[in-house]
J.: 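Take this structure, written in structure tokens, and hold onto it; I'll ask about it next.
Per chain, numbering begins at 1; letters A, B, ... match sequence-line order.
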Protein chains: 2
Amino acid sequence: MSKPIYELMCGDCLSELRSEFGAGEVDLIVTSPPYADNRKSTYPGIKPEEYVEWFLHRADQFYRVLNKRGTFILNIKERVQHGERGTYVMELVQRLRNRGWFFTEEWIWHKTNSFPGKWPNRFRDAWEHIYQFNKSKDFSMFQDSVKVPIGDWAKTRMKKLSATDRVRDESKVESGFGKRVANWEGRKMVYPDNVLYFATVCENTGHSAAFPEELPAFFIKLFTRKGDTVLDPFMGSGTTVAAALKLERRAVGIDTERKYITSTRNRLKTEGLI
Amino acid sequence: MSKPIYELMCGDCLSELRSEFGAGEVDLIVTSPPYADNRKSTYPGIKPEEYVEWFLHRADQFYRVLNKRGTFILNIKERVQHGERGTYVMELVQRLRNRGWFFTEEWIWHKTNSFPGKWPNRFRDAWEHIYQFNKSKDFSMFQDSVKVPIGDWAKTRMKKLSATDRVRDESKVESGFGKRVANWEGRKMVYPDNVLYFATVCENTGHSAAFPEELPAFFIKLFTRKGDTVLDPFMGSGTTVAAALKLERRAVGIDTERKYITSTRNRLKTEGLI
DNA sequence: TAGCAACTTGAATCTACCG
DNA sequence: CCGGTAGATTCAAGTTGCT
């Protein structure tokens with residue numbers, strides 16, 4: 001009997017992966033973990049000084065369950081503390097590398113609608129890190145699946161549209177996006193670069209972390225094929241899971257909070273994915 | 001007698017600063033140092049494993065000559081070695097912080113026309129780090145001097161134009177950019193964010209890693225006033241010096257290579273700056 | 001149906017103020 | 001002095017609703 005198309009697991013990914021997954025079962029991990037701060041009101045924050053160790057233990061499990069040719073995509077950003085930008089992410093990346101991860105690339109996610117505000121000593125923060133780790137130099141990559149219309153001065157807009165439309169187009173949900181697709185069909189298509197443009201999600205998802213579906217969709221298309229398994233060990237509102245199902249990949253989402261399991265299941269039903 | 005408006009010094013910035021500059025004489029340092037690699041054909045490369053120590057000794061001098069309210073802007077990017085992105089820059093940032101530098105912010109420079117190319121396991125590299133260090137939380141910042149037109153579909157283009165035009169507009173050199181300035185005059189101006197868009201310089205500057213004049217110009221306007229002193233300890237083709245002079249700041253450029261001293265002086269003459 | 005305007009909101013950060 | 005909270009500031013994208 002074949003594996004289920006999706007699984008939503010409630011618990012700490014450290015123990016869930018250890019007990020429920022064998023080695024090499026996952027083809028792609030895409031996640032945006034809780035950041036190191038103390039915003040306990042929305043999500044159990046981990047203090048910066050404890051963050052690296054906390055994360056490394058879980059990353060060891062990611063490594064174990066990841067396929068030899070698989071990819072681990074980590075979206076994260078340092079917060080400002082006492083006027084300084086934190087450096088724990090830099091420490092984390094080096095530690096991951098020392099533990100055996102192959103540090104292939106750092107992508108930049110430019111958030112075109114970053115949070116507004118004005119301060120005497122800094123401008124608005126409009127970007128986040130996206131680190132790409134592998135198990136070796138030889139990993140699966142399907143570059144043709146993420147081509148974008150050739151750049152002009154509307155490049156950013158088109159890039160976003162292309163990601164959105166392709167997801168919807170390939171999904172089971174018909175949303176009347178055919179016309180927009182036509183806008184860039186027939187245009188010359190080129191490979192993107194390592195700077196991605198996506199707006200954050202403003203609508204109320206029931207989760208504080210607005211993670212646009214285009215973002216996981218981009219990496220799912222780039223690093224997996226239909227039927228492959230995609231894991232988000234810090235699922236949150238379930239955006240990665242939804243994107244994976246729309247693209248006909250198997251999806252596994254893990255979260256410590258029961259409410260996110262419930263809301264994600266509702267979301268998948270609403271979108272007609274399950 | 002007042003200080004000269006500009007100085008071009010041939011030598012290692014370590015010794016030049018130590019012997020020729022007193023504490024706190026510089027208001028802004030903007031530099032793009034030689035990267036850690038072995039491209040000895042154009043610039044004396046420093047091996048990755050020696051790079052951090054090599055840089056830290058020079059950074060100590062930067063700290064000494066920098067004004068209490070001054071800023072140090074460091075543009076740098078890791079190279080790919082054996083398929084992996086290097087981590088020595090992350091180590092450098094942490095070490096600088098441990099030496100007393102206040103790590104205020106990391107900006108992203110998106111190179112809109114990055115070098116084309118295709119590799120089986122990565123896309124084009126289209127961005128570089130720009131680290132902002134200070135001596136404390138209290139530093140000079142003149143945010144109104146770098147406002148940009150409010151965003152619309154042409155946001156990125158306008159942002160780039162604004163930076164270019166303002167530099168030219170305030171310079172001694174009239175270049176017929178008045179019409180472009182008019183394009184965004186009367187529009188609502190907003191503060192930029194920490195992602196900058198500048199096209200790379202393709203013209204032959206005689207230097208391997210020329211950054212666009214808009215880049216130092218942006219930070220010179222943001223962190224200094226007319227008459228302040230701007231230093232580039234790894235001058236190269238002299239872009240920072242040229243931008244500083246156009247904006248009526250004092251400029252100091254240091255380089256180990258005699259040929260760059262010569263070519264920069266010629267450049268400044270050609271541009272009518274000296 | 002297209003186009004425009006008003007309205008809403010989002011992993012922000014700083015200063016001020018309290019206990 | 002440290003830690004926590006409330007208020008002010010500000011921009012882009014999406015949504016709604018009207019002509």
J.: So which protein N/O to nucleotides 14-19 of chain C N/O distances come out below 3.5 Å?
T.:
from   : atom 1 : to       : atom 2 : distance (Å)
C:dC14 : OP1    : A:Arg122 : NE     : 3.0

J.: Which one, C:dA11, C:dT13, D:dC11, comes nearest to the side chain of A:Asp125?
T.: C:dT13
J.: Any cation-pi pair here, A:Lys118 with B:Tyr191, using under 6.0 Å and within 45°?
T.: yes
J.: Are A:Arg85 and B:Glu105 ion-paired here, with the side-chain N under 4.0 Å from a carboxylate O?
T.: yes
J.: Does the side chain of B:Tyr63 come within less than 4.5 Å of B:Arg99's, by heavy atoms?
T.: no
J.: Between A:Arg79 and C:dT13, is there a contact of a side-chain N or O with OP1 or OP2 at under 4.0 Å?
T.: yes
J.: If you compare every side-chain N and O of A:Arg124 against the phosphate oxygens of D:dT9 (OP1, OP2), does one of them come in below 4.0 Å?
T.: no
J.: At 4.0 Å (heavy atoms only), tell me whether B:Tyr191 reaches a base, stays on the sugar-phosphate, or touches nothing.
T.: sugar-phosphate
J.: Can A:Phe115 be said to stack with the base of C:dG10, given centres closer than 5.5 angstrom and planes under 30 degrees apart?
T.: no
J.: In this structure, which stretches of DNA chain C are paired as stems of three or more consecutive Watson-Crick or G-U pairs, both distances less than 3.5 Å?
T.: C:2-10 with D:11-19, C:12-19 with D:2-9
J.: Counting side-chain heavy atoms from C-beta on, which of C:dT13, D:dA13, D:dC11 comes nearest to B:Lys188?
T.: D:dC11
J.: Pick the closest DNA chain D nucleotide for A:Pro116 and for A:Asn113 by heavy atoms, then say which residue is nearer the 5' end.
T.: A:Pro116
J.: Tell me whether the side-chain N/O atoms of A:Ser32 come closer than 4.0 Å to OP1 or OP2 in C:dA11.
T.: no
